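A quick write-up on the structure given underneath.
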Amino acid sequence: MTTLRTIVPAAPSAPAASGAIHPDAEPPRLRRQQLGLAPAAAVAAPHTLVVVDHAGDWIADDGCALIEATDFLAASAAAQDRPALVINLCRSYKYLSAGYYCSLMAQARGQQVLPSLKTINDLSRKAIYSLDTGELDRALNDKLGAAGGLPMPVEFSMDIAFGATEYTPLADLARRIFDTFPAPLIRVEFARGGETDAWHIAALRLQHIGALGERQRAACAVALRTIDRRPRAAPAAPRYRYRIAVLHDPHEELAPSNPEALARLLAVGRELGLTVALIERHDIARLAEFDALFIRETTAVNHHTYLFAKKAQAEGLVVIDDPGSILRCTNKVYLADLLRLHQVPTPRSFTLQKSDLDSLDAIEAQIGYPMVMKIPDGAFSRGVSKVHNAAEFGRTAHQLLQQSALILVQEYMVTDFDWRIGVLNRQPIFASKYFMSKGHWQVAKRDADGKAEFGMTAAVPLAEVPPDLLAYALAAANLIGDGLYGVDMKMTPRGPVVIEVNDNPNIDAGAEDSVLGDALYAIVLRDIVRRLDLLHRAGPAL
């Protein structure tokens with residue numbers, strides 16, 4: 001990996017002014033008696049405190065006072081007679097380490113601190129910080145794409161000291177990264193790849209002062225002089241109207257919303273005056289803190305997502321997906337009967353159990369080969385097989401019936417793409433075309449290890465959707481409820497056909513939101529607010 005260091009060259013030495021600290025002199029330190037363990041009136045609190053594990057870790061800088069972490073943690077809050085900017089340069093920020101507690105105590109004392117606990121926690125996991133890197137990735141590509149054809153490696157890293165870097169093409173980006181993740185020292189790793197060969201931030205890490213050499217530490221001191229050290233009063237916490245929890249799994253391979261979509265959901269929520277917070281499986285005890293739950297994780301009945309939906313509903317929260325919708329949509333046998341009962345067009349279908357295996361002649365007479373066989377609760381093409389003859393039918397049926405007492409047999413319908421109509425509160429909100437994966441008969445093609453390769457997705461304005469297809473999509477979704485659904489359909493020579501209704505449809509950035517952009521996330525959030533207003537009689541929706 002090519003490494004581009006960001007340490008700024010030290011500025012030329014200036015003549016010593018009256019009262020200036022000579023570089024060779026012992027750096028100023030605040031001892032315990034200056035921090036509340038002795039009368040504090042004799043010592044004015046400094047404008048800037050630099051906290052280190054060991055005094056030798058930092059070079060003195062005009063206007064800064066040096067303090068060791070043990071002394072800082074022992075200090076009394078009363079000793080601080082005015083707000084201070086605290087630069088936490090401890091060697092570790094791990095949870096419950098001295099460095100972690102220094103940032104924690106600084107915030108408790110009302111001091112501005114770099115890095116804050118939020119920054120420490122945000123940079124502890126890629127699943128968290130990647131939610132805020134979408135705009136940075138775009139700026140990265142703008143900068144490197146306009147680099148005049150300079151040869152670039154496939155990956156490289158860059159160090160940022162207080163927002164500064166010596167790599168001139170990315171100087172503005174370094175400052176933006178610092179503004180997004182305010183921390184003294186950050187290592188950024190960049191990489192490019194994928195279908196578009198685009199650049200992206202592959203990793204962000206907090207650096208510690210102990211990893212730097214003397215020259216690098218001197219350069220950090222120079223960079224520190226350039227930042228605005230004026231104490232800033234913490235902004236008043238905005239008063240949000242409702243708190244919405246978004247259940248997600250950062251490790252889910254095929255999550256219904258990608259990280260950038262989740263980031264957009266949070267950003268649009270802030271614009272609407274809402275608190276939108278990501279929660280995970282282990283946060284079930286926190287549900288009572290929220291007014292609504294929006295599930296952005298693949299649902300199943302025998303799964304914690306269903307438990308979350310049930311508990312949230314019991315706590316009086318507005319829930320999307322609600323437990324009833326999960327129950328109805330995750331079983332394809334139920335859906336097939338429901339749609340057929342209400343005369344919504346579907347593929348010719350049979351429900352099969354072990355005792356029906358001798359009835360193959362009747363199925364062959366009405367459907368013919370190839371046929372599609374499904375287990376009731378499969379997702380993303382799992383448990384779905386195409387059979388071409390009686391021998392394959394028998395083998396596949398025996399395999400699937402070991403997983404489920406009932407399986408579904410349907411006619412195979414050839415189309416270049418499937419339609420997906422997103423429906424919320426009995427109204428269509430988006431439409432997409434899901435093209436078959438290359439050389440395969442399904443949208444998702446799985447390899448021997450179970451990894452999926454998907455075909456292209458193209459969002460379509462609702463005005464361009466065939467009216468009869470849209471009408472049947474609404475008819476199918478409305479049989480389930482008034483939640484958020486994705487109706488999968490095919491346009492065939494005999495007209496629109498509903499394949500299934502999903503209770504947890506994908507809303508991915510760059511796919512389903514391609515037509516509406518942020519407006520799609522606003523539609524979902526406004527509908528949650530509408531439900532909350534009805535529940536609490538709180539007035540008109542946003």
Side-chain angles (χ1 to χ4, degrees), residues 129-143 145 173 176 179-180 194-196 198-201 238 240-242 244 246 248 254-278 292 294-297 320-321 417-435 443 454-465 469-470 473-474 477 483-488 502 504-531 541-542:
Y129 65 70
S130 61
L131 297 174
D132 295 314
T133 57
E135 292 296 331
L136 298 173
D137 285 344
R138 282 188 279 274
L140 172 66
N141 282 279
D142 289 344
K143 291 293 183 182
L173 180 67
R176 290 183 62 174
D179 290 340
T180 305
E195 294 182 1
T196 60
W199 286 99
H200 64 277
I201 293 175
Y240 291 116
R241 189 174 179 187
Y242 290 122
I244 301 171
V246 179
H248 82 304
L254 301 174
S257 284
N258 57 18
E260 188 174 352
L262 293 176
R264 297 313 310 151
L265 188 70
L266 269 60
V268 171
R270 288 192 295 269
E271 294 171 3
L272 296 177
L274 304 170
T275 294
V276 182
L278 298 180
F294 183 29
I295 299 177
R296 290 284 80 197
E297 188 175 345
I320 296 177
D321 310 327
F417 59 86
D418 288 351
W419 283 93
R420 164 71 63 84
I421 307 298
V423 178
L424 175 63
N425 188 32
R426 306 187 186 279
Q427 297 294 326
I429 61 171
F430 71 83
S432 294
K433 293 179 178 179
Y434 293 169
F435 289 84
V443 170
F454 287 83
M456 184 181 69
T457 298
V460 179
L462 288 171
E464 298 178 12
V465 178
L469 186 140
L470 202 59
L474 288 174
L484 174 64
Y485 309 111
V487 185
D488 290 343
N502 300 277
N504 199 251
N506 280 62
I507 299 180
D508 280 322
E512 288 80 9
D513 71 353
S514 297
V515 170
L516 293 177
D518 285 354
L520 180 56
Y521 307 103
I523 288 170
V524 175
L525 291 172
R526 284 193 174 104
D527 190 71
I528 293 174
V529 170
R530 178 191 64 82
R531 294 165 191 262
L542 291 171

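What you are looking at is a predicted structure, and each value in this text was computed from that prediction instead of being measured.
- Electrostatic pairing of Arg531 and Asp527 counts as a salt bridge here, judged by a charged N lying under 4.0 Å from a carboxylate O.
- Distance check: Leu272 CG to Leu274 CG gives 5.5 Å after rounding to the nearest 0.5 Å.
- A distance of 8.0 Å separates CG in Leu265 from OH in Tyr521, rounded to the nearest 0.5 Å.
- Of all non-hydrogen atoms in Ser432 and Ala459, the two that sit nearest each other are OG-CA, 3.9 Å.
- The distance from the CG atom of Leu470 to the CH2 atom of Trp419 is 9.0 Å, given to the nearest 0.5 Å.
- Asn502 places a side-chain N or O within donor-acceptor distance of the main-chain N or O of Gly486, the cut-off being under 3.5 Å.
- For the atom pair CG of Leu516 and CD1 of Ile429, the computed distance is 8.5 Å after rounding to the nearest 0.5 Å.
- Across every non-hydrogen atom of Val276 and Gly269, the tightest pair is CG2-CA, 3.8 Å.
- Rounded to the nearest 0.5 Å, atoms CG (Leu173) and CG (Asp179) are 10.5 Å apart.
- Judged by distance alone, with hydrogens and angles left aside, the side-chain atoms of Asn504 form a donor-acceptor pair with the main-chain N or O of Ile295 at under 3.5 Å.
- Between Pro256 and Asp508 the shortest heavy-atom distance is O-OD1, 3.7 Å.
- Here the closest non-hydrogen pair linking Val487 and Ala477 is CG2-CB, 3.9 Å.
- Rounded to the nearest 0.5 angstrom, Phe294 CZ and Ile507 CD1 are separated by 5.0 Å.
- Asn141 places no side-chain N or O within donor-acceptor distance of the main-chain N or O of His200, the cut-off being under 3.5 Å.
- Across all non-hydrogen atoms, the minimal contact from Leu262 to Ser257 is CD2-CB, 4.0 Å.
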Next item on the list: Check the pair Tyr242 / Val529 against side-chain contact (heavy atoms from CB on, under 4.5 Å), numbers first and verdict last.
Entry: CA-CA 8 Å; Tyr242 290 122; Val529 170; 4.1 Å; yes
Item checked: Residues Asp418, Asp488; criterion side-chain contact (heavy atoms from CB on, under 4.5 Å); working and verdict -> CA-CA 7 Å; Asp418 288 351; Asp488 290 343; 5.5 Å; no
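- Side-chain N or O atoms of Asn258 include one that pairs as donor or acceptor with a backbone N or O of Ala509 at under 3.5 Å.
- Residues satisfying the side chain to side chain donor-acceptor pair (under 3.5 Å) criterion with Asn425, sequence neighbours excluded, are Arg530.
- Annotation: side chain of Asn506 is not in contact with side chain of Thr457 (no heavy-atom distance under 4.5 Å).
- The two residues Leu424 and Ile523 have their closest heavy-atom pair at CD2-O, 4.0 Å.
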